[in-house]
Amino acid sequence: MERMSNCAEVIIIGGGVIGCATAYYLAKEGTSVIVLEGSDHIGNGGSSRNGGGVRQSGRDPRELPLAMYGIRTLWPHLSEELETDCEYHQDGNLRLGKTEKHREILEGLADRARACGLDVRMIDGDEVRRINPHLSHEVTVASWCPTDGHANPLTTTLGFYKMARRLGARFITGEPVTELRTVKGKIRKVITPNNVYEGEQVLVAAGLHSREILGTVGIDVPMDGSLLEALVTEAEAPMFDQMLGTADADFYGHQTKHGSFVFGGSSGLEPFYKDNGTPVTSSRTAPCICRGIMKYFPELADAKIVRTWAGWSDRSADGVPVLGAVDEIPGLYAACAFTGHGFGISPAVGDQLAKLIRTGSTDVDLSPLRYDRFHAKI
């Protein structure tokens, strides 16, 4: 009987928002699921260490259809569906610029997005400040996407986890996967230090650890780690609801429902930090982020920081995720290398991967994100 309890139709490796969302959408259709999380906590990786952006603007055209699909069909009713307040706000995204070079970057992003059917346009500094009067006069240009927004990564991950469990998905924490094994050429076994799990299909959604896990069956996804840092302030009076970014992608942030601000950025020195692989913040980065914030929002000069955090982004070699089936090994699927863009598309990724696993087809074309795009062309 114990052996049978380690079997399911689908084994998902990784208990982050992607794994939890896929488990929910599979369980919703009656598929049996086991989710294995290597750490002791659900959402312990990037899912609890990101800025909460739910945006279409500024995305690569290859992943933009997923973002548009999720915002159009899933995010608007997600809190109700998951019986959890995901704190989803759809109040637009301002991607800010200060120089002529920034204008060129933003125009290029906007042109590519419009070609995919997204409502995004360029605006000047005066219109920026009509949308958000708190921004300084250093901002001279921005792209504006009114259908973008933000949400709470912690509660969203919790909602997917809670509802997946309610529908019968089994979650096991503290169960790091060390190896995948095939039987007669097809994926079958997932090995941990203490157990062997068996499934007809296996999804690897383990963030930065995905490369190592997939490597045990000879599949290599070109990705590495990129350290991201963020800070949270004390609650302030309501100022704005938009999600913010910059042309250089060096700063992002929003004001939460609670009133605190979540801002992320970098010092540029992250590759030189010494650590043992644990994501740790540096004393350099928060002051660096704050200097940038004060140039955009002088009113926040006296806002008090209550905590900072760091997290590893699983950075893809070409900047977009690896999603879908791995054809060399029937039954194996990958969802990794999100490059810091994963949370906003997580409902769409979970929904579409679940459909792919169940039916072999999707509503959104995932072919530009396939693993085999990295294969040498003959």
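Just so it is clear, the model here is predicted, and its values are computed rather than measured. Both backbone and side-chain heavy atoms feed into the values below; hydrogens, waters and symmetry mates do not.
Remark: the Tyr197 side chain and the Glu175 side chain contain an N/O donor-acceptor pair separated by less than 3.5 Å. A donor-acceptor pair shorter than 3.5 Å can be found between the side chains of Lys162 and Thr84. Between the side chains of Glu236 and His258, no donor-acceptor pair of N or O atoms lies under 3.5 Å. Side-chain N/O atoms of His89 and Asp91 include a donor and acceptor closer than 3.5 Å. Remark: the Glu138 side chain and the Ser136 side chain contain no N/O donor-acceptor pair separated by less than 3.5 Å. Defined by atom type and a distance below 3.5 Å, a donor-acceptor pair is missing between the side-chain atoms of Gln242 and His254. Side-chain contact check for Glu81 and Tyr24: at least one donor-acceptor pair (N or O, by modelled atom type) lies under 3.5 Å. Side-chain atoms of Glu229 and Thr308 include no donor-acceptor pair closer than 3.5 Å. A donor-acceptor contact closer than 3.5 angstrom is absent between the side chains of Glu37 and Thr173. Between Gln90 and Asp148, the side chains place no donor N or O within less than 3.5 Å of an acceptor N or O (distance only, hydrogens not considered).
The main-chain N or O of Met239 is found under 3.5 Å from a side-chain atom of Gln255 such that the two form a donor-acceptor pair. Side chain of Arg112 to main chain of Pro61: no donor-acceptor pair is present (N/O by atom type, distance under 3.5 Å, no hydrogens or angles). At least one donor-acceptor pair under 3.5 Å links the side chain of Arg95 to the backbone N or O of Thr246. Remark: the backbone N or O of Asp224 is not paired with any side-chain donor or acceptor of Arg315 at under 3.5 angstrom. Not a single donor-acceptor pair under 3.5 Å links the side chain of Gln56 to the backbone N or O of Leu118. Not a single donor-acceptor pair under 3.5 Å links the side chain of Thr182 to the backbone N or O of Lys186.
The neighbour count for Glu127 CD, taken as heavy atoms of other residues, nucleotides or ligands under 6.0 Å away, is above 12. When the shell of 6.0 Å around CG of Asp220 is examined, it contains more than 12 heavy atoms from other residues, nucleotides or ligands. Within a 6.0 Å sphere centred on NZ of Lys295, heavy atoms belonging to other residues, nucleotides or ligands number 12 at most. A 6.0 Å sphere centred on NE2 of His102 holds more than 12 heavy atoms belonging to other residues, nucleotides or ligands.
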Does Trp144 form a side-chain contact (heavy atoms from CB on, under 4.5 Å) with Val120? I'd like the steps, not just the answer. CA-CA 6 Å; Trp144 169 240; Val120 58; 6.0 Å; no

Walk me through it: do Thr22 and Val35 pass the test side-chain contact (heavy atoms from CB on, under 4.5 Å)? CA-CA 10 Å; Thr22 309; Val35 181; over 6 Å; no

Let's go through Thr362 and Leu353 carefully: what are the C-alpha distance in whole Å and the side-chain angles of both, what is the deciding distance for side-chain contact (heavy atoms from CB on, under 4.5 Å) to 0.1 Å, and is it a yes or a no? CA-CA 8 Å; Thr362 57; Leu353 281 179; over 6 Å; no

Starting from the C-alpha separation in whole Å, work towards a yes-or-no answer on salt bridge (charged side-chain N to carboxylate O under 4.0 Å, His left out) for Glu234 and Lys304. CA-CA 6 Å; Glu234 286 184 340; Lys304 293 180 173 59; 5.1 Å; no

Run Glu200 and Val10 through side-chain contact (heavy atoms from CB on, under 4.5 Å) and show every step you take. CA-CA 6 Å; Glu200 294 295 325; Val10 180; over 6 Å; no

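For the salt bridge (charged side-chain N to carboxylate O under 4.0 Å, His left out) condition, no pair includes a residue of residues 239-248, sequence neighbours left out.
Classification of Glu83 and Arg166 as a salt-bridged pair holds, one side-chain N sitting under 4.0 Å from a carboxylate O. Salt bridge status for Lys257 with Asp85: present, with a side-chain N to carboxylate O gap under 4.0 Å. Looking at Lys189 and Glu179, no side-chain N of the basic residue comes within less than 4.0 Å of a carboxylate O on the acidic one, giving no salt bridge. Using a 4.0 Å cut-off between a side-chain N of Lys or Arg and a carboxylate O of Asp or Glu, Arg370 and Asp327 qualify as a salt bridge.
Shown here for Leu208 and Ser313, the closest heavy-atom pair between the two residues is CD1-O, 4.4 Å. Of all heavy-atom pairs between Val320 and Thr339, the closest is N-OG1, 4.2 Å. Between Ala23 and Ala169, the closest heavy-atom pair is CB-CB, 4.5 Å. The shortest heavy-atom contact between Asp318 and Arg373 is OD2-NE, 2.7 Å. When all heavy atoms of Phe171 and Arg165 are compared, the pair lying nearest together is CD1-CG, 3.4 Å. The two residues Thr99 and Val141 have their closest heavy-atom pair at O-CG1, 4.5 Å.
In this view, Trp75 and Tyr88, Phe343 satisfy the ring-ring contact (aromatic ring centres under 6.0 Å, His included) rule, not counting sequence neighbours.
Residues Leu36 and Val190 form a side-chain contact, since some pair of their non-hydrogen atoms from C-beta on lies under 4.5 Å apart. Side-chain atoms of Val204 and Leu332, non-hydrogen and from C-beta on, do get closer than 4.5 Å to each other. You'll find the side chain of Thr178 stays beyond 4.5 Å of the side chain of Thr192, heavy atoms only. At a threshold of 4.5 Å between non-hydrogen side-chain atoms, the residues Met243 and Arg55 do not count as touching. Contact check for Thr233 versus Val306: no side-chain heavy atoms found under the 4.5 Å cut-off. Between Tyr25 and Leu167, every side-chain heavy-atom pair lies at or beyond the 4.5 Å cut-off. For the pair Leu228/Trp309, no side-chain contact is recorded, criterion being any heavy-atom separation below 4.5 Å from C-beta on. Looking at heavy atoms from C-beta onward, Leu66 lies out of side-chain contact with Arg59 at the 4.5 angstrom threshold.
Rounding to the nearest 0.5 Å gives a distance of 11.0 Å between CD of Glu107 and CD1 of Ile105. In this structure, CD1 in Ile357 is found 12.5 Å from CD in Glu29, a value given to the nearest 0.5 Å. Atom OG1 in Thr155 sits 10.5 Å away from atom CZ in Phe160 (nearest 0.5 Å). Atoms CD1 and OG, from Ile18 and Ser47 in turn, are 7.0 Å apart once rounded to the nearest 0.5 Å. Put simply, CD on Glu80 and SG on Cys86 are 11.5 Å apart, with the number rounded to the nearest 0.5 Å. Distance CD1/Ile191 to OG1/Thr216: 9.0 Å, rounded to 0.5 Å.
The hydrophobic clustering, which links ILVMFWY residues whose side-chain heavy atoms are closer than 4.5 Å, places Leu106 and Val139 apart. Both Phe338 and Val54 belong to a single network of hydrophobic side chains, linked directly or stepwise wherever heavy atoms of I, L, V, M, F, W or Y lie under 4.5 Å apart.
The distance between the ring centers of Tyr296 and Phe263 does not fall below 6.0 angstrom. Aromatic rings from Phe240 and Phe261 are positioned such that their centres are separated by under 6.0 Å.
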